[in-house]
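All chains are named by letter (A, B, ...) in the order of the sequence lines, taking the proteins before the strands, and each is independently numbered beginning at 1. Values below: all heavy atoms of this structure, side chains included; hydrogens, waters and symmetry mates excluded.
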There are 2 protein chains.
Amino acid sequence: MSQGNTSVSSLVSGSGVHEETACTVLQVLERVSGKWSIGILLAAMDGPVRFTELERRVKGISRRMLTLTLRNLERDGLLVRTVYPTVPPKVEYEVTDMARELYDSLQALTAWAERHLESIAESRRRYDAAAQ
Amino acid sequence: MSQGNTSVSSLVSGSGVHEETACTVLQVLERVSGKWSIGILLAAMDGPVRFTELERRVKGISRRMLTLTLRNLERDGLLVRTVYPTVPPKVEYEVTDMARELYDSLQALTAWAERHLESIAESRRRYDAAAQ
DNA sequence: CCGTATCCATTAGGATACTG
DNA sequence: CAGTATCCTAATGGATACGG
């Protein structure tokens with residue numbers, strides 16, 4: 001278990017007030033980056049969800065990645081896993097308060113994205129055109 | 001050039017108001033995820049920086065990844081690249097207003113991280129202990 | 001139903017020699 | 001100085017068979 005974790009890192013040094021910010025924000029991004037974390041959290045925002053239901057809601061996810069990402073989110077305390085010892089088994093995942101706060105904090109990012117989506121798209125068109 | 005781009009994606013579907021949020025926020029995260037993007041932006045926040053200076057400030061980055069990430073940030077309009085045709089060559093990278101706004105938006109995340117850093121660490125300790 | 005284990009393909013990324 | 005090109009390793013992630 002635990003496939004290792006490199007992804008986002010890098011500490012900045014040498015100029016002004018941003019080192020601490022860098023460190024902290026990068027830690028969050030490590031938490032939240034990866035192809036599926038946000039998607040899963042979002043899919044669980046409206047209440048407890050079962051494994052198979054998540055598999056349905058998060059489009060394109062594989063069984064493997066769903067399990068792996070769920071375990072990580074649980075480990076970080078963003079999701080609570082509850083097993084009902086019935087047969088067939090029933091497992092529910094529920095977001096924690098901390099995860100809801102994270103979701104709220106992401107709104108700022110969402111707003112930024114919405115504001116600049118077209119601007120970014122155009123910048124890319126120009127860049128790609130200039131490079132042929 | 002352009003090594004392709006899989007990373008963050010996944011669209012959520014099937015429950016409530018989060019689909020649109022998902023899509024947008026994931027697009028930002030694609031922009032900002034990757035091991036080095038944020039580090040580089042942060043290192044350039046205090047004014048125009050030259051290539052070699054960036055290499056020094058962003059600890060541990062390889063020449064290859066610095067170039068690659070710089071190109072992507074430039075393509076997205078988060079950084080402006082200016083070449084001074086002197087000899088030896090001089091190239092400066094400067095963050096755009098859009099990048100500064102992004103930085104501001106990241107503060108919410110930073111705040112979240114600072115609030116919950118210890119809580120997350122403890123959750124992990126518990127999880128790891130329970131799993132041996 | 002809820003996973004785990006295995007195998008395999010793709011991609012990210014490091015090191016570094018070379019060049020205008 | 002500011003890259004590019006090349007080679008190579010490690011990590012990410014898909015598909016899916018199998019098991020409690």
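In this structure A111(A) satisfies the side chain to side chain contact (heavy atoms under 4.5 Å, CB included) test together with R115(A), sequence neighbours excluded.
Close to dC1(D), at under 4.0 Å from its OP1 or OP2, lies no side-chain N or O of R63(B). Within the structure, a side-chain polar atom (N or O) of K35(A) is placed less than 4.0 Å from OP1 or OP2 of dG14(D). Of the side-chain N and O atoms in R81(A), one or more sit less than 4.0 angstrom from OP1 or OP2 of dG3(C).
Across dG3(D), dG3(C), dG14(D), the shortest atom-to-atom separation from the side chain of V91(B) is found for dG3(D). Considering only side-chain atoms of R64(B), the nucleotide from dG13(D), dG13(C), dG3(C) that sits closest is dG13(C).
Taking atom CD1 of residue I61(A) and atom C1' of nucleotide dT16(D), one finds them 16 Å apart after rounding to whole Å. Atom pair M65(B):CE and dA5(D):P shows a separation of 16 Å (rounding to whole Å applied). One interatomic measurement links the two molecules: CG of L66(B) to P of dG14(C), which rounds to 11 Å at whole-angstrom precision. Spacing between atom CZ of R56(B) and atom C1' of dA2(D) amounts to 13 Å, rounded to whole angstrom units. Here dG3(C) presents its P atom at 12 Å from CD of E92(A), a figure rounded to the nearest Å. Atom-to-atom, CG of N72(A) to P of dA11(D) comes out at 15 Å; the value is rounded to the nearest Å. The separation between E55(B) atom CD and dC1(D) atom C1' is 10 Å, rounded to whole Å. One interatomic measurement links the two molecules: CG of L70(B) to C1' of dA2(D), which rounds to 11 Å at whole-angstrom precision.
With hydrogens and angles ignored, the 3.5 Å screen pairs a side-chain donor or acceptor of T69(B) with a backbone N or O of M65(B). A donor-acceptor contact shorter than 3.5 Å links the side chain of R57(B) to the backbone of A43(B).
Within 4.0 Å of Y93(B), counting heavy atoms only, lie sugar-phosphate atoms of the nucleic acid but no base atom. R50(A) comes within 4.0 angstrom of sugar-phosphate atoms only, judged by non-hydrogen atoms across all strands, and of no base. Within the 4.0 angstrom heavy-atom criterion, only backbone atoms of the sugar-phosphate kind lie near T52(B); the bases stay farther away.
Closest approach of G77(B) and T96(B) over heavy atoms only: O-OG1, 2.8 Å.
The 5' end of DNA chain D is approached more closely, in terms of each residue's nearest nucleotide, by S62(A) than by the other of S62(A) and P89(A).
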Using side-chain contact (heavy atoms from CB on, under 4.5 Å), reason through L102(B) and V95(B) one step at a time and then give a plain yes or no. CA-CA 10 Å; L102(B) 173 60; V95(B) 296; over 6 Å; no

